[in-house]
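Residue numbers start from 1 in every chain, and the chains themselves are labelled A, B, ... in the order their sequence lines are given, proteins ahead of strands. Remember, predicted model here, so these are calculated numbers, not experimental data.
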Amino acid sequence: MSDSATPATPAKLDFIREIIAEDLAAGKHSTIITRFPPEPNGYLHIGHAKSICLNFGIAQEHAAVNARCHLRFDDTNPEKEESEYVESIKADVQWLGFEWGENLYFASDYFQFFYDCAVRLIQDGKAYIEQDSAEEMRVKRGNLTTPGTHSPHRERAVEDNLALFARMRAGDFQEGECVLRAKIDMASSNMNLRDPVLYRIMHAHHHNTGDAWCIYPMYDFAHPLEDALEHVTHSLCTLEFENHRPLYDWFIENCPVPCKPRQIEFARLNLTYTVMSKRKLLQLVQEGLVGGWNDPRLPTLSGLRRRGYPAPAIRDFCKRIGLTKFNSTTDVALLEFEVRDFLNHSSPRRMAVLDPLKVVLTNWAAEPLDSVVVANHPQNPAAGERAVPVSGELWIERDDFMEDPPKKFYRLGPGRHVRLRGGHIIRYVSHDKDAAGNITRIHAEILPGTVGVDTPAGVECRAAIHWVDAATGVDAEVRLYDRLFSVEDPDAAEGGFTSVLNPASLTTVTAKVEPALAAAEPGFACQFERIGYFVADSVDHQPGAKPVFNRTVALRDSWGKQAGR
RNA sequence: AGCCUCAUAGUGUAAUGGUAACACCCCGGAUUUUGAUUCCGUUAUUCUAGGUUCGAGCCCUAGUGAGGCUACCA
């Protein structure tokens, strides 16, 4: 269950923790500093959770040496970044259960340092102003098998480069007129080393620095400097930056930095039936295919939160998936397992009927009660009990009655008994149908004296079903979520996302719920017995108004599987 | 095509060069006033070919397959 309940579990060291342990043992560092460096250009998703749990987790594990993890916004591209995203990212990291304390940083706060480093590279003859167009640069870069060719500007005098760079910074040039490039190796088999761009001109307003700058550093140049400036010891990133490491190290070697961070790459998280790229999530949001970044069907942290996925379950999931350099795809079933596992222990039980069928108790007068007492959690007496009102009419699940049941169906049908959970055993009497042949009502009778006691001898009753009293039960809007996509790998879908959207990803029903649920607070999570885990919607659910519940995840249902339901 | 990285049950991860294991999923059984939970059990694994070694999932070579790289994105 919760990770906090099992802190002593000596988890196997993954390859990154192994490296850190070795570095510590070798006396290479006196403390460990990691960082989580999102670009504020979208909302965080479950893939980021893997990185967050890794970086903040490592810091927590090395508290003895005062280790820490920085939250740093990698905001070097003003065209794509917004303050709204900064706020959502902070909220999501905190919700996941991690604290950055004093260590909140913005790459944009280092702009002057980046600039000074660039000047230094120019002075050292290691950078130059390029005036070729982007297209010319592309052509001269060569390709995977042929080396690039030198730009005519590559050997410009240091003084001229310096003057030109100053003019770039002063705003003397239009966007695209020139860039600053590192002078490395146009013949390198690693394309990243073929004189990469360090600075480009962007006459854009920045969310943090406003209009102070019109030149902005590229990721490859800025990132190692950010890490070094913050004394990061281990810079953990995903596999696609593997080929960038030589360049990362080049900047560390050639710029006046206070220390030498080490970049280590790991495989990003892939999940079946799930789209995990920010660009594609943005597309889903912008095209209105979902209700927003916090749509409960999305793998965004805000979506999962609204869906009722508990943060500890997500943390446990991140532990279970492990950490390697193998490009794998984890089955979402593992995430769902962790969610059920956590919720099973933490959620109080309540009763709700999603597809109501009326039952009239013909002999209710034989033992009329006001209420029955039901445990809030059968495995946890400390969760207490509650009184659930009852009367002579109630709702049961339409599925729980069969006119012509197969032998292994244990619930209600002609000639059968069934237990009302927490209440009486009832016996079938008759049922009504409308003109179309639909069952409209069941008549049954209670077995007096069967509340709170074992099934009497001679009565065959194997199942207990959930129910809601008709006199006091209230209507609720219940949203049943399923996978957003109908195929395992939506990224590979031909014809775009629309072609593989699951039409059943959202079903809204009007259900009957026990009266106490009408007063539930937004975010209240519980198990609807025999149905699944539900949470009062954090946006649309308001106490006093019609309750709105989201299905977090359904219960396992082995009967349903057998019956092909 | 060149360079870099990776390859263990269906899925994801373990295994100082020394009996290949854990979790999820699947299937079966027991318990059950949730066909849930819990408990027990079943099936199934080192990409291929060479080499080093008393001994290779692990080391070496080649092959195969997968991912990444030819942005003034990160």
Side-chain angles (χ1 to χ4, degrees), chain A residues 12 14 37-39 41 74-77 79-81 130 133-134 137-139 141-148 175-181 188-192 194 196-202 215-216 218-220 222-223 237-246 265 267 270 272 278-279 317 320-338 340-341 344-345 349 351 374-375 377-379 408-411 418-423 425 450-455 461-466 527-532 554-563:
Chain A
K12 287 270 168 35
D14 52 66
E39 181 188 15
N41 66 344
D74 209 357
D75 53 353
T76 55
N77 183 352
E79 282 184 351
K80 302 199 304 183
E81 297 152 8
E130 175 63 85
S133 68
M137 282 178 63
R138 192 184 62 74
V139 171
R141 189 156 29 232
N143 60 35
L144 270 11
T145 49
T146 63
E175 288 187 15
E177 260 191 88
C178 54
V179 295
L180 181 69
R181 297 178 83 172
S188 174
S189 56
N190 184 339
M191 301 295 291
N192 296 120
R194 317 250 268 222
V197 172
L198 268 41
Y199 266 100
R200 77 282 213 189
I201 296 168
M202 295 176 94
I215 56 172
Y216 291 90
M218 302 293 291
Y219 166 88
D220 282 318
H223 208 86
C237 63
T238 43
L239 249 27
E240 67 267 30
F241 294 108
E242 227 159 12
N243 298 341
H244 295 238
R245 187 171 0 110
E265 309 84 18
N270 295 300
T272 53
K278 269 195 216 169
R279 189 180 64 74
F317 171 74
R320 293 259 191 163
I321 55 178
L323 193 73
T324 65
K325 300 185 76 152
F326 177 57
N327 200 293
S328 58
T329 300
T330 299
D331 194 334
V332 280
L334 183 57
L335 211 210
E336 289 166 357
F337 163 80
E338 293 290 353
R340 277 195 201 92
D341 193 42
N344 175 44
H345 294 285
R349 297 326 77 142
M351 289 204 280
V374 184
H377 192 125
Q379 278 84 41
K408 297 203 67 165
F409 182 84
Y410 301 141
R411 289 162 275 164
V418 78
R419 163 82 69 176
L420 297 175
R421 179 138 173 87
I425 290 175
T450 52
V451 176
V453 300
D454 290 344
T455 305
C461 177
R462 291 192 58 170
I465 62 173
H466 58 279
Q527 182 196 89
F528 288 174
E529 284 192 275
R530 306 211 312 129
I531 301 175
L555 246 37
R556 288 184 71 229
D557 182 359
S558 51
W559 162 260
K561 279 172 196 160
Q562 287 162 19

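- Each of B/U33, B/A14, B/A74 was ranked by its minimum atom distance to the side chain of A/A464; first place goes to B/U33.
- Checking B/A71, B/U37, B/A74 against every side-chain atom of A/R141, the shortest atom distance belongs to B/A71.
- If you check every strand for non-hydrogen atoms under 4.0 Å, A/H466 touches nothing.
- Here the side chain of A/T330 is nearest to one of B/U13, B/A74, B/G12, namely B/G12.
- Out of B/C69, B/U13, B/C73, the shortest distance to the side chain of A/N192 is found at B/C69.
- Counting heavy atoms from C-beta outward, A/I321 and A/L335 have side chains that stay 4.5 Å or more apart.
- Using a 4.0 Å heavy-atom cutoff across all strands shown, A/G422 reaches at least one base atom of the nucleic acid.
- Residue contacts for A/V374: at a heavy-atom cut-off of 4.0 Å it reaches no nucleic acid atom on any strand shown.
- Each of A/P378 and A/L334 was matched to the nucleotide of RNA chain B holding its nearest heavy atom; the match closer to the 5' end belongs to A/L334.
- Residues satisfying the side-chain contact (heavy atoms from CB on, under 4.5 Å) criterion with A/D331, sequence neighbours excluded, are A/T272, A/A333.
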Got a list of protein N/O to nucleotides 38-41 of chain B N/O distances below 3.5 Å?
none

What protein N or O atoms touch nucleotides 2-10 of chain B N or O atoms at under 3.5 angstrom, if any, and at what distances?
residue: B/G2; atom: N3; partner: A/L144; partner atom: O; Å: 3.3
residue: B/U5; atom: O2'; partner: A/E242; partner atom: OE2; Å: 3.1

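- Ranking B/C69, B/A74, B/C26 by closeness to the A/Y219 side chain, first place goes to B/A74.
- Across all strands shown, A/R462 has no heavy atoms under 4.0 Å from either base or sugar-phosphate atoms.
- Of the listed nucleotides (B/C25, B/A14, B/C73), B/A14 has the atom at the smallest distance from the side chain of A/D14.
- Using a 4.0 Å heavy-atom criterion, one finds that A/P246 contacts no nucleic acid atom at all.
- Picking from B/U34, B/G68, B/A71 the nucleotide with the shortest atom distance to the side chain of A/E240 gives B/G68.
- Here B/U33 is the nucleotide among B/G12, B/U33, B/U37 with the atom lying nearest to any side-chain atom of A/R421.
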